[in-house]
Amino acid sequence: MSILIDAKSRIMVQGITGRRGRFHSERMLNNNSPLVGGTSPGKGGDWAFNGRIPVFDTVKDCVDATNADVSVLFVPPHATVDCILEAIEAGIKTIISVTGSVPVQDMMQVKSALRKSDSVLIGPNSPGILVPEIANAGIFPDHIVGAGDVALVSRSGTLSYEVLDILNEAGIGVSVAIGIGDDPIIGMDFKFFLELLESDPHTEQIVLVGGPGGESELVAANYIMESITKPVVAYVVGENLKASIMGSVFSRNSNFFLNSVERKTNAFIEAGALLAKNIEDIPCLLRR
Amino acid sequence: MKLHEYQAKSLFRQAGIPVPASMLATNAVQVKRIASEIGYPVVLKAQILEQGRGKAGGVRLIQHEHEAEQIANEIFKLEINHQTVQSILIEKAFTFNKEYYLGIFSDLDLGSPVLRLSEAGGATCLEKDSFLNARMAERQIDIDQGLHRYQVRQLLTNGDVDPSLWKQFGSIALKLYDIYRSNDATLAEINSLVVTQQNQLYALDAKINIDSLSLFRHESFLDSIDPTYYGWLEHQARKYGVTYHQFTGELGCIVNGMGLAYLTYDQIISMNSIPAAIIDIHGGSTVSSMTSSLELLFQNDSIRAVLINIYGGMTNCEEIAEGILSVTAKARHKKPIFLRLKGTNDISAIETLSGLKQLQIFDSTHELVKAAVDYLKDS
């Protein structure tokens, strides 16, 4: 048991016959994640992976036949809005968009649809959810970390691997690892996951990994102060962006506001979280 | 991605937003000829994407023909933050009574467009205080519903805008929203929107930023990306599907994902060094994005060493290794490569790289960055 994904979850993959979808679905099968089906329009009726997994034309067909309640998307960016809206309409509870770089106005349409539904969207540009020994709904590298009682919630995918690797080296396991997504507009924010983790019996401590740009970390810090009783270790990457005018190079290529890192680290300190100055410091700030 | 004023105004004109008569020129002789056609007085406006062109002297009023060439030449000589002026927009000069600001922007945290109206417009509005002190009204727009006239009216009735202008405001706001939507803009603003003596609204300036993630469906904008502003290397990298961040040091870096880019950058800076470049090959990158990125760094003579920091989730480490092997096999310059390669299929990937003499492999970002920075300091 964990938040959002557990042994009873029924995972499907949208784009199961594409290059990435096939590769990572096979990994999910090999690590015993509860994968039950997938979609690939035009290939409905086929079976993938030596007849182990049925392929459907639509998400609705897949849900009707398999009772899938989690969908992981491996589709091109231009098709993402279409696939998320299809999953919402088919009643998928947890939608994970591994696909990233989704156009901003497409995501605005998705946000509008999410407000009117009960579905939860993780991502875009998310590595998914990893519950060690139970399920890897997404693209987390295999065997990266063992089971434990620390939850990781990270904005960046690659930094979530980096942190899991560091935790693993220190002999610390996790209850769940979640990449909330690193696109300009994402579905659920840090606060949403903190709320779930606070009441998750398998989580004793929380590691939050943020970055420059946006307000999500500030909202999270405020929420930690008001409502989170479990210990939180926070790390925000990008501290040197302010120290150097070279930071402006990043800002020209992306929509990030560079002064935001210091504001965020200060907010976490004020909220009573333990701030990791360096990413390597995270394990020694966790209670043993 | 920012559009030039003349590009934005052309979209305004097509949509029916009133703009002054204007034409573009690329040399002073042309400026003079066009100014005579339009009729004096005219305003010359440097077409430059850097902010602060007004303060730098990039916007000049010309009353008489005899000034035109000289002032145009002065503008062409301007340099704002290393950017030079490639073209000048010649525009019919206006007298006006009042300036407003009208804009639509993408609020990423809300996940919605926001319409903003301010009673302070023009250059002064860029000075934050006067902008914030002025009456300003905002309204979130539901993208499913679109923008409607009553929503614009609600903003207007809370302010001091004369009711005789409400209808024009409404039309312009709706047209601006159409431009914002149909071009995948992240910003579409009129600053300033002026009221002429005939009580007509005109867009004196136009600013449109396009969502760079949407360019696959707006191919015409790809041709209008200004490489003098966005950088030639950045421009080239974009064609390979990777993102190039240029700096001034000697260490060329390749990473997958922005988080790892920031972490690598943070650690290089904290070791008192500066990268030459950080190329983000993004998640799920292929052999070709790796080879193109590595070639870009190898071709650059100011780069003395290459750092590759990959933690593959979606990215298959075997494809990264294949990319490294194919470039090092044919590269004439044997720059040292410092590599950290972990994640999906890392063990077999590292095996294929054994025996590559210019390569050193590390286990963590910290060890990797330290070794590369030490190498540059010692040699």
Side-chain angles (χ1 to χ4, degrees), chain A residues 20 23-24 27 77-78 98 100-113 125 127 138-142 144 154-162 165-166 169 182-185 209 211-216 219 237-241 243-244 246 249-250 252-255 278-280, chain B residues 106 108-113 142-145 180-181 184-186 211-214 216-217 229-231 234 243-248 255-263 265-270 274-275 278 280 282-284 309-316 342-346 364-366:
Chain A
R20 296 292 169 193
F23 180 80
H24 290 283
R27 282 182 54 223
H78 66 83
V98 171
S101 301
V102 180
V104 166
Q105 293 193 12
D106 285 6
M107 276 310 295
M108 289 177 171
Q109 283 175 268
V110 167
K111 291 287 272 190
S112 182
N125 204 356
I139 56 168
F140 279 98
D142 289 326
I144 189 170
S154 168
R155 181 200 276 215
S156 154
T158 42
L159 281 192
S160 69
Y161 314 151
E162 190 85 28
D165 196 280
I166 289 168
E169 285 290 312
D182 209 357
D183 255 25
I185 295 182
V209 177
E215 301 281 315
S216 181
V219 175
V237 76
E239 62 154 341
N240 283 322
L241 293 176
S244 160
M246 289 304 157
V249 173
F250 282 120
R252 186 173 292 174
N253 290 325
S254 55
N255 294 321
N278 301 302
I279 197 165
E280 303 88 7
Chain B
S106 298
L108 301 179
D109 288 300
L110 287 175
S112 285
D142 182 337
I143 202 156
D144 277 353
Q145 301 289 322
Y180 168 88
R181 284 287 280 139
D184 271 296
T186 53
D211 175 14
S212 53
L213 300 177
S214 76
F216 63 82
R217 60 187 172 216
Y229 179 70
Y230 287 101
E234 285 89 336
T243 310
Y244 194 104
H245 305 278
Q246 192 174 8
F247 303 91
T248 55
V255 301
N256 63 327
M258 259 335 268
L260 213 46
Y262 288 132
L263 179 68
Y265 178 84
D266 268 357
Q267 298 211 350
I268 292 171
I269 297 292
S270 63
I274 292 177
I278 295 184
D280 181 1
H282 308 294
N309 192 9
I310 304 286
Y311 213 126
M314 175 105 104
T315 303
N316 182 352
K342 274 195 162 178
T344 305
N345 292 344
D346 52 1
S364 72
T365 298
H366 186 77

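Chain A is the first sequence line, chain B the second, and so forth, proteins listed ahead of strands; every chain is numbered from 1.
- A/Pro141 approaches B/Gly312 most closely through the heavy-atom pair CG-O, 3.3 Å.
- With hydrogens and angles left out, the side-chain atoms of A/Glu162 and B/Thr365 include a donor and acceptor closer than 3.5 Å.
- Considering every non-hydrogen atom in both B/Asn256 and A/Thr158, the closest pair reads O-CG2, 2.8 Å.
- Of the atoms belonging to B/Pro275, not a single heavy atom falls under 4.5 Å from chain A.
- With a 4.5 Å cut-off on non-hydrogen atoms, B/Asn345 touches chain A through its side chain but not through its backbone.
- Neither the backbone nor the side chain of A/Phe140 comes within contact range of chain B; no heavy atom of the residue lies under 4.5 Å from a heavy atom of that chain.
- The candidate from A/Ile166, A/Asp106, A/Asn125 with the greatest count of non-hydrogen atom pairs under 4.5 Å with chain B is A/Asp106.
- Of the possible donor and acceptor atoms, none in the side chain of A/Gln105 sits under 3.5 Å from a partner among the backbone N and O of B/Ile143.
- Using a 4.5 Å cut-off between heavy atoms, A/Val110 makes no contact with chain B at all.
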A/Val104 and B/Asp184: side-chain contact (heavy atoms from CB on, under 4.5 Å), yes or no, with the steps?
CA-CA 8 Å; A/Val104 166; B/Asp184 271 296; over 6 Å; no
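- Residue contact with chain A, scored on non-hydrogen atoms closer than 4.5 Å, involves the backbone and the side chain of B/Arg181 alike.
- The shortest heavy-atom contact between A/Ser112 and B/Asp144 is OG-OD2, 3.0 Å.
- Rounded to the nearest 0.5 Å, atoms CE (A/Met108) and OG (B/Ser106) are 3.5 Å apart.
- Using a 4.5 Å cut-off between heavy atoms, B/Asp142 touches chain A through its side chain atoms alone.
- Panel note: side chain B/Asp109, backbone A/Glu215; a donor-acceptor pair is recorded below 3.5 Å.
- Of the two parts of A/Glu280, only the side chain, counted from C-beta on, holds a non-hydrogen atom closer than 4.5 Å to a non-hydrogen atom of chain B.
- With respect to chain A, the highest number of heavy-atom pairs below 4.5 Å among B/Gln145, B/His282, B/Gln267 belongs to B/Gln267.
- Per-residue heavy-atom pair counts under 4.5 Å with chain B were compared for A/Ile144, A/Asp165, A/Ile279, and the maximum is reached by A/Asp165.
- Residue B/Leu263 touches chain A through both its backbone and its side chain, counting heavy-atom pairs closer than 4.5 Å.
- Atom CG of A/Asp183 is separated from atom CE of B/Met258 by 12.5 Å, given to the nearest 0.5 angstrom.
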A/His78 and B/Arg217: side-chain contact (heavy atoms from CB on, under 4.5 Å), yes or no, with the steps?
CA-CA 9 Å; A/His78 66 83; B/Arg217 60 187 172 216; 5.5 Å; no
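- Of the two parts of A/His24, only the side chain, counted from C-beta on, holds a non-hydrogen atom closer than 4.5 Å to a non-hydrogen atom of chain B.
- The part of B/Leu110 that comes within reach of chain A is its backbone (N, CA, C, O), which places non-hydrogen atoms under 4.5 angstrom from that chain.
- In this structure, the side chains of A/Arg27 and B/Thr344 come closer than 4.5 Å at one or more pairs of heavy atoms.
- Of all the heavy atoms in A/Ser156 and B/Leu260, the pair that sits closest is OG-N, 4.4 Å.
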